[in-house]
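Numbers here simply count residues along the sequence, with the first being 1. Being a predicted model, the structure only gives us computed values, none of them experimental.
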Amino acid sequence: MVWPLPALLAWAGAWALFAALRALEAPPWLALALPTLLAAGLATRAGTRWRCGLVGAGFPLSLASSGIGGALPAWAWLLPLGVLALVYPLRSWRDAPLFPTPAGALSGLSGLVTLPPAARVVDAGCGLGDALRELKREYPQAKLEGLEWSWPLVWACRLRCRGWARISRRDLWAADWSGSDLVYLFQRPESMARAAAKAGRELRPGAWMASLEFPASGLSPRSVHACADGRSLWLYRAPFSPAPQAP
């Protein structure tokens, strides 16, 4: 199912169970425990850690919030929704949310992917700039560029990377990757097929695509680097080779 439908169904199921238990006059601890356990069980099938946490925490957090709901004016609940809409615009809901690249995750990348001194290195979906900092350490002479659609994240990233990286408010899918020597991604599994297709169309021979944690659908990597925190960094070089078919 397309995200966030699994989360919505899990939360709805937990609330439906809570309402049924309350209607049956079940003990309060049971009316709280069973829906929470249901949400936690469904969270294990959500895929990524971020999604698991979001699905599992949705019911207890919403239940806790409902206890003070009557003391707040109705418009107060629009404030967090407004902040969420600014940081995570509707246009980018099918992309990854804010997934900061962990410190040290790209350590050793320059030893695997050799680039010319003035190479153009693009972080497609740069967020707050954590990956750009990693890339700067690996390629200190490269021309670094970050692409981000969220205005608040663009402003924050420009402050963090002021003077050494160009940050553009652009849709990473509409931006032209053809002049890049390396495109870095930390996306989500569902968007990797789209990324592979775009890279195949636009990256010139010899250019690289690096994907943290999630492989590119249908492509065979040149190498897979094991990061210090246990994640995998998948490295692809144009022209790309198709992944071998399973026997």
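- Aromatic ring centres of Phe59 and Trp15: separated by under 6.0 Å.
- Of all heavy-atom pairs between Ser168 and Val154, the closest is O-CG2, 4.4 Å.
- Leu132 is not connected to Leu159 by any chain of hydrophobic side-chain contacts under 4.5 Å among Ile, Leu, Val, Met, Phe, Trp and Tyr, and they are in different clusters.
- Residue-environment remark: CZ (Arg204) exceeds the threshold of 12 foreign heavy atoms within 6.0 Å.
- Between the His225 side chain and the Ser107 main chain, a donor and an acceptor come within less than 3.5 Å of each other.
- For the pair Trp164 (side chain) and Lys136 (backbone), a donor-acceptor distance under 3.5 Å is absent.
- Applying the ring pair (Phe, Tyr, Trp, His ring centres under 6.0 Å) test to Trp155 and every residue at least two apart in sequence or in another chain returns Trp151.
- Taking the centre and axis of the six-membered ring of Trp149, the NZ or CZ atom of Arg169 falls inside the cone set by 45° and 6.0 Å.
- Salt bridge Arg120/Glu145: present, at least one basic N to carboxylate O contact under 4.0 Å.
- Looking at Leu219 and Trp234, their side chains never come closer than 4.5 Å, going by heavy atoms from C-beta outward.
- With 3.5 Å as the limit, one finds no donor-acceptor pair spanning the side chains of Tyr184 and Ser211.
- Across all their heavy atoms, Phe18 and Leu32 have their closest contact at CE1-CD2, 4.0 Å.
- Judged purely by atom type and a 3.5 angstrom limit, Glu213 has no side-chain atom pairing as donor or acceptor with the backbone of Ser232.
- Judged as a side-chain hydrogen bond (donor to acceptor under 3.5 Å, both in side chains), and not counting sequence neighbours, Arg222 has no contacts.
- Within the structure, salt bridge (Lys or Arg N to Asp or Glu O under 4.0 Å) pairs that include any residue of residues 12-22 do not occur (at least two apart or interchain).
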Trace of the side-chain contact (heavy atoms from CB on, under 4.5 Å) decision for Thr36 with Leu34: CA-CA 5 Å; Thr36 301; Leu34 289 184; over 6 Å; no
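- Distance check, rounded to the nearest 0.5 Å: CE of Met192 to CZ of Phe214 gives 9.0 Å.
- In this structure, Lys198 contributes its side chain and Trp173 its backbone to a donor-acceptor pair below 3.5 Å.
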side-chain contact (heavy atoms from CB on, under 4.5 Å) between Leu128 and Leu153, intermediate numbers included: CA-CA 6 Å; Leu128 292 171; Leu153 296 183; 3.8 Å; yes
Full working for side-chain contact (heavy atoms from CB on, under 4.5 Å) between Leu42 and Leu9: CA-CA 9 Å; Leu42 294 174; Leu9 292 176; over 6 Å; no
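- Checked by atom type and distance alone, the side chain of Glu138 pairs as donor or acceptor with a backbone atom of Ser110 at under 3.5 Å.
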